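Structure first, commentary second.
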Amino acid sequence: MMKLFRMQPLLLAALLLCAVRAPAQEHVIKFATLAPEGSSWMNVMTEFDDAVRKESGGRLGFRIYPSMVQGDEKDYLRKMKLGQLHAAGITGNGLTSIAKSARILESPFLFRDQKEVDFAYAKFGPEFEDAMQEAGYVNLGWAEVGSVYIFTNSPVRKKDDLSMTKMWMWETDPIAEASFRALGINPIPLPITEVLTSLQTNLIDGVYTVPLAAIGLGWFTRVKYMLDLPLANAAGAVVISKKKYLELPEDLRVILKSNGRKYMRKLTEVSRTDNAAALETLKKNGIIFTQPSSDAERLTYLEIGRSARRMLVGKLYPQDLLDRLESALEVYRRTPAAAPK
Amino acid sequence: MRATPILLILCVMLFQGCFQQIAVGSLTGIMEDGFLVLNEESDLALAEAGIASNLKLLESVLRSEPDNDRVLLMTCRGYASYAMGFVEDADPVRARGFYRRGLDYGLRLFPPESAIGRSLRSDPAGLSDALRRASKSDVPAIFWTAVAWGSAISLDRTNTDALAELPRVEEMIAWVREKDPGYFYGGADFFLGTLKGSKPPIFGGDTAASRAHFERALEINGGKFLLTYVYYARHYAVQTLDSVLFAGLLTAVDTASIDILPEARLSNAIAKRKAVLFRKKFDASF
């Protein structure tokens with residue numbers, strides 16, 4: 001008994017020390033994402049959370065809701081307006097609502113490689129982030145979803161092969177609509193959840209997505225071919241409501257934003273690695289990659305991209321932005337080092 | 001006369017082989033009884049040690065009898081159960097290795113030249129046809145191979161090759177559900193409830209289907225196989241942010257008697273331990 005009494009002051013001191021070393025978390029950011037648990041997306045997001053907690057001495061951290069437990073992107077934006085959520089991972093779908101001009105970077109056959117993608121985000125990203133701010137959101141970092149490819153059940157080598165396809169379209173996505181119209185396809189709009197069964201019943205025989213999702217969604221089991229020419233680059237970002245952001249003390253905002261940039265860049269790199277691995281997996285699983293039949297055919301696709309982008313002027317972005325983006329890419333292609341940053 | 005020693009040696013060798021076969025045969029029976037006894041054990045530490053040593057013994061038997069289906073099935077099931085019950089919550093990477101080991105033994109139940117063996121290894125498109133030709137007696141082999149496989153994939157979600165294997169597993173479990181829905185306490189519905197609940201809707205998840213599968217599994221096992229409640233809470237209630245259901249399901253596990261299903265006392269003891277762990281781990285999910 002005496003021993004126990006003698007221990008009490010020590011115990012008390014230890015408890016006090018713990019209290020001093022681990023201050024209560026003052027700011028919790030409720031964050032939602034479509035990404036499933038255990039995915040690379042979630043793994044990097046957890047690293048982001050760990051870094052923020054560490055640098056803030058435990059004052060700031062995320063509460064992460066993965067796997068669409070908080071609904072879809074429209075739900076995230078609605079809940080952020082109501083203050084039920086503070087931050088979310090969004091893709092083109094969410095971007096349409098908060099910075100639709102940014103979707104120009106998802107327009108068809110715009111980029112020739114990933115360096116061009118990085119160049120365009122570095123040059124035009126801040127402009128789109130201003131648009132987000134006006135809509136009430138702060139961008140914590142761009143996180144690329146990946147290059148989108150067309151998957152079909154008959155080989156596609158020429159534009160005419162595509163026009164024979166019963167192509168799915170994600171409900172009323174304006175970019176997909178313009179792209180397929182320019183390609184001469186009359187797409188079949190369906191919710192994403194009905195795609196697999198529609199491939200099984202032959203209601204559709206063509207789909208488009210990033211390679212990783214083609215595997216995750218199981219679509220690769222119902223298609224035979226992939227056109228080895230990316231249709232577009234799918235965008236993603238992590239945004240926080242401006243209201244929540246401004247509630248944070250200045251030092252925490254700096255920690256949040258600097259780590260956001262760092263980890264979303266990491267996520268873009270991880271996403272590229274995962275999608276490259278997914279392409280190999282698709283090959284191993286018997287998907288046949290087809291190429292445009294000639295250089296002229298390849299140029300045809302680039303022309304189709306040009307005309308599809310013009311169809312979206314006034315709907316998603318102004319002509320001026322399209323002109324500036326296309327000419328900046330032209331300069332970059334000629335002399336990457338001299339292109340205006 | 002000179003032939004006698006050779007004959008003698010041959011006879012000895014022959015008898016040795018027979019003895020070994022008889023020994024392996026009776027050992028297989030003993031091991032099967034051992035598994036039943038282990039499933040009835042409520043002391044987790046004792047069961048953990050018992051399963052671990054039995055698994056090594058089973059692997060030793062497979063050295064001399066590599067095609068013994070009964071031993072292969074026990075080893076496949078043993079590794080999958082050991083990983084689920086004793087490893088995956090603390091060390092998912094190690095658990096993944098055990099699930100893969102279970103899968104390797106499971107695949108050995110299907111010779112590579114058989115239709116099903118070929119489709120599982122390299123021709124997934126042929127799996128539906130192969131399964132159509134399989135019979136009810138194949139249910140345990142297909143079920144436990146799928147359990148080991150699916151569990152390994154769930155702990156390896158950044159591996160695109162592994163993700164591409166999942167449709168095969170789904171097909172195997174759907175087949176088990178059709179052929180013998182009552183097998184292993186409604187195991188197929190349990191598995192499908194977990195699978196449909198753990199994926200986001202855009203990746204094929206379906207919470208309504210998840211709930212229906214868990215309810216069906218509970219109906220089949222009379223609510224006595226407690227892991228059903230635990231996985232129902234973890235994969236359906238968390239996904240739908242239903243904190244009341246989550247708490248209710250785990251409380252049902254806490255309050256159930258450990259003797260509610262004597263032949264599955266070990267699974268139920270594991271369920272009780274997981275209920276405590278999941279309550280702590282997922283409390284912040286709501």
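These numbers come from the heavy atoms of this one structure, side chains and all, not from hydrogens, waters or symmetry mates. Because the structure is predicted, anything quoted here is derived from the model rather than measured. In what follows, every chain begins at residue 1, and chains take the letters A, B, ... in the order their sequences are listed.
In terms of heavy atoms, A:Ser67 sits closest to B:Pro201 at O-CD, 4.1 Å. Here the shortest heavy-atom pairing between A:Tyr65 and B:Phe286 reads OH-O, 3.7 Å. Considering all non-hydrogen atoms of both residues, A:Ser40 and B:Thr158 come closest at OG-CG2, 3.4 Å.
Using a 4.5 Å cut-off between heavy atoms, B:Ile202 touches chain A through backbone and side chain atoms alike. Residue contact with chain B, scored on non-hydrogen atoms closer than 4.5 Å, involves the backbone and the side chain of A:Leu34 alike. Only the side chain of B:Pro167 comes within contact range of chain A, with heavy atoms under 4.5 Å apart. Neither the backbone nor the side chain of A:Asp72 comes within less than 4.5 Å of any heavy atom of chain B.
Chosen from A:Ala35, A:Pro36, A:Ser39, the residue pairing most often with chain B at heavy-atom distances under 4.5 Å is A:Pro36. No other option in A:Met42, A:Met68, A:Gln70 has as many heavy-atom pairs under 4.5 Å with chain B as A:Met68. Your options are B:Glu170, B:Lys199, B:Gln239, and the one with the most heavy-atom pairs under 4.5 Å with chain A is B:Gln239.
More than 12 non-hydrogen atoms from other residues, nucleotides or ligands lie less than 6.0 angstrom from CD of B:Glu113. Counted within 6.0 Å of NZ on B:Lys196, heavy atoms from surrounding residues, nucleotides or ligands total 12 or fewer; the atom is thus considered open.
Note that CG of B:Asp161 and NZ of A:Lys284 are 3.0 Å apart. Values are rounded to the nearest 0.5 Å.
Salt bridge status for A:Glu37 with B:Lys281: absent, with no side-chain N to carboxylate O gap under 4.0 Å.
Scanning residues 210-221 of chain A against chain B with a 4.5 Å heavy-atom cutoff picks out A:Leu212, A:Ala213, A:Ile215, A:Gly216, A:Leu217, A:Phe220, A:Thr221, ordered by number. The stretch residues 264-281 of chain A places A:Asp274, A:Ala277, A:Ala278, A:Thr281 near chain B, each with some heavy atom under 4.5 Å from a heavy atom of that chain.
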